[in-house]
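I have placed the structure first, in the form of structure tokens, so that the comments after it can refer back to it.
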Amino acid sequence: MKNKCIILGIESSCDETAAAVVEYDQKLGRFSVLSQTIYSQIALHAPYGGVYPEIAARAHSEKILPVINKTLLDAKLSKNEIDAIAVTYGPGLVGSLVIGLTAAKTLAYLWQKPLIGINHLEGHIYSNLISNPVIQFPMLGLIASGGHTLLIQMEKPDSYKLLGQTLDDASGEAFDKVGKLLGLDYPAGPALSKLASKGDSKVYHFNLPINKKNNYNFSFSGLKTAVLYLVKSLGGSERLTQKQKADIARAFEDTVVKSLVKKTVSAANNNKIKTVIIGGGVGANQPLRSNLEKELKYYGINFIKPEISLCTDNAVGIAASGAIKFTHKQFNDRQTLNVNPIAIL
Ligand code: KG4
Ligand code: ZN
């Protein structure tokens with residue numbers, strides 16, 4: 001097999017239609033992003049305060065071919081230069097996944113290229129490798145997004161052990177719901193964090209959820225309810241001052257970040273982890289990034305984070321994960337690979 005491979009990645013699991021072309025130099029262990037396109041459906045879902053599955057599927061079906069076409073044009077590549085097509089098969093919204101997978105299967109069949117099915121969470125993990133190709137194992141991944149919050153241990157590439165996950169809401173979902181309560185638009189994570197940066201950390205306080213030793217599960221639904229009760233006790237959302245909103249946002253963000261950092265650091269220490277990575281939209285949160293960095297440095301554990309734009313859903317991580325599988329000839333059947341909305345690693 002040649003030393004380099006070029007992979008077309010396709011991602012459509014939720015509300016982003018994305019494609020990317022990534023080159024992987026196996027000898028140097030280095031990735032180069034040749035092109036990427038993301039069509040975000042945020043504006044379509046904002047009026048509903050969350051992702052509307054039927055609208056998501058329709059928008060994917062409109063955009064998937066233009067997005068793939070633009071990505072190939074931007075990479076200045078013809079189909080002949082693509083070695084394989086990697087595509088998200090799950091987890092995610094069934095109607096959204098079907099669009100990306102059907103496009104990938106059709107192109108793989110027409111172009112006679114290998115097809116590689118990728119778990120969406122692998123995409124978040126492998127987004128880290130773009131700027132940090134050399135990783136020391138064992139590795140621990142904190143995936144925190146609108147749909148997931150979990151801790152995964154990896155002894156080596158492609159070996160995953162779930163250490164803990166959220167028992168109710170995902171961390172990003174909690175950001176979105178609390179943001180909505182404070183009058184912010186969907187998805188509220190970045191705006192809530194900006195508001196929190198103006199807040200006073202000493203005014204309000206929320207209890208840390210599942211604050212037990214060696215328990216790596218998360219919970220954010222009780223915290224969300226605590227915010228709701230606090231807002232009610234202050235006379236309701238409409239009567240909150242900007243200062244109160246900022247102080248509430250600060251207390252909420254501090255609690256989420258503390259919970260994520262505490263469990264990640266404890267899981268890393270107890271499992272002799274050498275490298276911690278983060279992924280998912282909440283991985284773009286600055287207090288989370290800097291607090292994790294500080295704590296892990298204290299314990300001498302490497303911390304790797306993707307650039308901000310690769311925290312949220314993208315096809316670069318899908319293509320990068322596909323490149324690793326390509327080098328191990330881990331291909332899927334072009335006719336039988338199917339979507340799995342509840343796929344686990
Ligand atoms: O990974 P992602 O794009 O989609 C899913 O797979 O869910 O994550 C989107 C989530 C949203 O809930 C959004 O509010 C949250 O990530 N998010 C943030 C930040 N940026 C995005 N949450 C907190 N702070 C941020 N800076
Ligand atoms: Zn995601």
Side-chain angles (χ1 to χ4, degrees), residues 9-18 36 38-42 45-46 48-51 53 56 60 88-93 96-97 100 118-128 141-150 152 165-166 169-182 184-197 199 218 220-221 223-224 249-250 252-261 277-292 305-318 321 341-345:
I10 298 173
E11 154 68 35
S12 72
S13 64
C14 189
D15 58 345
E16 258 96 30
T17 319
Q36 74 154 317
I38 301 180
Y39 167 73
S40 170
Q41 305 175 358
I42 282 176
H45 301 294
Y48 303 95
V51 178
H60 282 304
T88 307
Y89 68 88
L93 299 169
S96 292
L97 289 163
I118 307 290
N119 183 300
H120 178 75
L121 302 178
E122 288 182 303
H124 281 306
I125 291 170
Y126 282 85
S127 293
N128 283 273
L142 167 67
I143 311 291
S145 70
H148 297 93
T149 299
L150 38 87
I152 296 170
Q165 62 185 321
T166 183
D169 289 0
S171 47
E173 189 182 353
F175 266 93
D176 295 339
K177 287 177 177 166
V178 167
K180 193 174 176 189
L181 198 62
L182 299 178
L184 303 172
D185 285 341
Y186 170 86
L192 192 144
S193 188
K194 199 169 164 205
L195 185 62
S197 69
F218 300 93
F220 298 103
S221 140
L223 173 61
K224 181 189 67 187
R250 178 63 187 263
F252 167 78
E253 182 178 62
D254 282 356
T255 311
V256 174
V257 168
K258 200 168 171 190
S259 172
L260 294 173
V261 171
I277 59 139
I278 51 169
V282 182
N285 184 274
Q286 283 301 350
L288 173 64
R289 291 165 85 93
S290 53
N291 280 306
L292 252 186
K305 47 193 187 305
E307 53 180 84
I308 299 282
S309 65
L310 292 183
C311 285
T312 42
D313 289 350
N314 66 83
V316 170
I318 303 301
S321 176
I342 53 162
I344 48 169
L345 273 176

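First listed ligand is number 1; within each ligand, the first listed atom is number 1. Keep in mind that this is a model prediction, so the values were computed, not measured. Throughout, residue positions are numbered sequentially from 1 according to the sequence presented.
- Close contacts between ligand 1 and His120 involve ligand atoms 6 (O) [criterion: under 4.0 Å to a heavy atom].
- The atom of Asp313 nearest to the Zn ion (ligand 2) is OD1, with the search restricted to N, O or S atoms.
- Among the heteroatoms counted here (N, O or S) of His120, NE2 is the one nearest to the Zn ion (ligand 2).
- A 4.5 Å side-chain heavy-atom check between Asn314 and Glu11 finds every atom pair outside the cut-off.
- Taking any N or O of Asp176, backbone or side chain, at least one lies under 3.5 Å from an N or O belonging to ligand 1.
- Ligand 1 has no nitrogen or oxygen under 3.5 angstrom from a nitrogen or oxygen of Pro187.
- Note: an N/O pair closer than 3.5 Å links Asn285 and ligand 1 by distance alone.
- Some N or O of Asp313 is nearer than 3.5 Å to an N or O of ligand 1, by distance alone.
- The heavy atom nearest to atom 15 (C) of ligand 1, out of those in Ala191, Gly281, Ser171, is found in Gly281.
- Closest to the Zn ion (ligand 2) among the N, O or S atoms of His124 is NE2.
- Ring-centre distance between Phe220 and Phe175: not below the 6.0 Å cut-off.
- The shortest N or O to N or O distance between Gly280 and ligand 1 is not below 3.5 Å.
- The closest protein non-hydrogen atom to atom 22 (N) of ligand 1 is Gly189 CA, 3.5 Å.
- The closest side-chain heavy-atom distance from Val282 to Leu260 is below 4.5 Å.
- Of all non-hydrogen atoms in Cys14 and Ala56, the two that sit nearest each other are O-CB, 3.9 Å.
- Of the polar atoms of Phe175, none of the N or O atoms is found under 3.5 Å from an N or O of ligand 1, judged by distance alone.
- Side-chain atoms of Asn119 and Tyr89, non-hydrogen and from C-beta on, do get closer than 4.5 Å to each other.
- Residue-ligand proximity, Gly147 to ligand 1, at heavy-atom distances under 4.0 Å covers atoms 7 (O).
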